[in-house]
Protein chains: 2
Amino acid sequence: MLKLSKKADYALMALQYMAMVRSGETSPFNPNRIVNTKEIAEEHHIPLELLAKVLQTLAKFDMVESQNGPKGGYLLAREPREITIAQVLEAIEGPLGIADCYHEKDEHVSCEQIEHCNIRTPLLRVQESIFHLLSSMSIEDMMAEPPLIIVESRKTKGVQL
Amino acid sequence: MLKLSKKADYALMALQYMAMVRSGETSPFNPNRIVNTKEIAEEHHIPLELLAKVLQTLAKFDMVESQNGPKGGYLLAREPREITIAQVLEAIEGPLGIADCYHEKDEHVSCEQIEHCNIRTPLLRVQESIFHLLSSMSIEDMMAEPPLIIVESRKTKGVQL
DNA sequence: GTCAGTCAAGACTAAAATGGTCGGAGATCT
DNA sequence: AGATCTCCGACCATTTTAGTCTTGACTGAC
Ligand code: SF4
Ligand code: SF4
């Protein structure tokens, strides 16, 4: 439950990797270099074709830029701190909502029991909190892995319901 | 994405309803009365058979108590405030985890790329926050719907990452 | 004791979402 | 021109979800 999909997982991994490359952490003399799908796939042992599709989606949402042709690949389209987890998830999985009764576009697909639902309002609060939390964390916040520095400030600020 | 299943939805609705009945809000002279599956299903327009299964599960997890025979049914097994959303979700959907690499029981089902994963630690923080949020909200907190009172105190206290 | 009303438990199906694959069309570098 | 590489959409297999059905066991009222 509440598990994010493989695709979302892959997207986050790829973005984090690209952010690391870009910052020069992997190849100090060559920041901002372009990475291609294969590199990311092999690095993380994920199926190439699937990652490709994920990256395409990310490109469509302007989170990465694609460069075609040989020596082509992807690079981040924005600052790592400007890419939030919420944005990534929404790009990959569509608008996120804890229940089907919120953003359900065309008002007729909505929930059967919306008229007699007693938990809609409280659940909305939960959803907002989760969304807030996810929006308060960016790719940059995910770049401190091996030592895991304390990234208290930004996140704490964001989440108080 | 992050959408909770119908069954979870139904479970929360049923519990909230039972809590309301119990508090005497629906039938003032008869608090603590037993409600049966059919009543809940009709009240909320949800398929009876499915709700039955959900309630069975809840009974197995000691969130409700079942009474057999005519005029039988269910009633809450604990105080509404002692039943958190997290508990309900875990009962219905199994242990909740944002990624497959945590509580994945027998260490061999786990994620393929766990060895080369760069986002595991940061994601764990996110998961803990969400879990904390879900644990800080109980059925009791969901009982103020029409007016929606401000239930700031308890929840705010719980969520600071 | 019978009997109707209720929970319990499982098998079963249909439909949707997920995870993953393929192949061709374009782009671009050498 | 040719070799790479991304792009895009179609495709398939498996799993999950939602819902149904059947059977059985328990209980209280009559
Ligand atoms: S049941 Fe209530 S909360 Fe769940 S989707 Fe329908 S309206 Fe929203
Ligand atoms: S990819 Fe990383 S975070 Fe996602 S499940 Fe595997 S180990 Fe956990």
Side-chain angles (χ1 to χ4, degrees), chain A residues 1-11 13-14 18 33-42 44-75 77 89 92-97 99-100 104 109 111-113, chain B residues 1-11 13-14 18 33-42 44-75 77 89 92-96 99-100 109 111-113:
Chain A
M1 185 57 204
L2 285 185
K3 201 178 52 182
L4 40 76
S5 67
K6 283 288 181 201
K7 285 200 277 191
D9 225 8
Y10 296 159
M13 277 193 283
M18 290 165 76
R33 65 176 257 261
I34 281 187
V35 300
N36 64 19
T37 310
K38 193 156 88 177
E39 175 181 345
I40 304 180
E42 284 175 354
H44 297 86
H45 298 81
I46 59 190
L48 177 82
E49 315 285 348
L50 189 48
L51 176 63
K53 208 155 54 170
V54 168
L55 288 174
Q56 285 168 34
T57 312
L58 290 181
K60 210 174 313 183
F61 280 79
D62 292 321
M63 328 204 74
V64 298
E65 272 171 19
S66 71
Q67 178 103 13
N68 230 337
K71 281 332 284 160
Y74 291 93
L75 70 158
L89 261 44
I92 300 295
E93 314 264 359
L96 46 82
D100 339 287
E104 274 304 328
V109 210
C111 174
E112 280 287 322
Q113 40 273 130
Chain B
M1 186 58 203
L2 285 184
K3 203 179 51 184
L4 39 76
S5 67
K6 283 289 181 200
K7 283 201 278 192
D9 226 8
Y10 296 159
M13 277 192 285
M18 290 164 75
R33 64 175 257 259
I34 281 187
V35 299
N36 64 18
T37 311
K38 193 156 86 177
E39 174 182 344
I40 304 180
E42 284 175 355
H44 298 85
H45 298 81
I46 59 191
L48 175 84
E49 315 284 349
L50 189 47
L51 176 63
K53 214 157 45 173
V54 167
L55 287 175
Q56 282 172 36
T57 312
L58 289 180
K60 213 174 311 183
F61 280 78
D62 292 321
M63 326 203 77
V64 298
E65 271 171 20
S66 71
Q67 177 106 10
N68 230 338
K71 279 326 290 159
Y74 293 93
L75 67 156
L89 261 44
I92 299 294
E93 315 263 359
L96 46 84
D100 340 286
V109 209
C111 175
E112 281 286 322
Q113 40 273 130

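Note on naming: letters A, B, ... go to the chains in the order of the sequence lines (proteins, then strands), and numbering restarts at 1 for each one.
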Check whether B:Gln113 reaches the backbone of A:His45 with its side chain - one donor and one acceptor, N or O, closer than 3.5 Å.
yes

Expressed in angstrom and rounded to an integer, what is the separation of B:Lys53 atom NZ from C:dC7 atom C1'?
14 Å

Reckon B:Thr37 has a side-chain N or O less than 4.0 Å from the OP1 or OP2 of C:dC7?
yes

Sugar-phosphate means primed atoms, P, OP1 and OP2; the rest is base. With that split, encode nucleotides 24-30 of chain D 5' to 3' as B, S or - using protein heavy atoms under 4.0 Å.
--BBB--

Given side chains that start at C-beta, do those of B:Pro47 and B:Lys53 come closer than 4.5 Å, heavy atoms only?
no

Can you find a side chain N or O atom of B:Ser66 that sits less than 4.0 Å from OP1 or OP2 on C:dA8?
yes

Atom CG of B:Leu51 to atom P of C:dT6: distance rounded to whole Å?
14 Å

Least distance between heavy atoms, A:Ala11 atom then A:Val54 atom:
CB-CG1, 3.6 Å

Tightest non-hydrogen contact, residues A:Gly72 and A:Asn36, listed as O-CB, 3.7 Å

So which heavy atom on A:Cys111 is nearest to which on B:Lys6, and how close?
SG-NZ, 3.9 Å

How long is the line joining CD of B:Glu65 and P of C:dA8, in whole Å?
11 Å

Round to a whole Å and report the spacing from CD of B:Glu49 to C1' of C:dT13.
14 Å

Which atom of B:Leu89 lies closest to which atom of B:Ala8, heavy atoms considered:
CD1-CB, 4.1 Å

Interatomic distance, A:Ile40 CD1 vs D:dC5 P [rounded to whole Å]:
14 Å

From OH of A:Tyr10 across to C1' of C:dT18 the rounded distance in Å is 11 Å

B:Leu2 CG to D:dT17 P, in whole Å, measures 14 Å

d(CD1, A:Ile92; C1', C:dT18) in whole Å
13 Å

How close do A:Leu51 and A:Ala41 get, counting heavy atoms only, and between which atoms?
CD2-N, 3.5 Å

Can you tell me which nucleotide in D:dA18, C:dT21, D:dC8 comes closest to the side chain of A:Gln56?
D:dC8

Let's see if you can work this out: which of C:dG20, D:dT6, C:dA8 has an atom nearest to the side-chain heavy atoms of B:Tyr74?
C:dA8

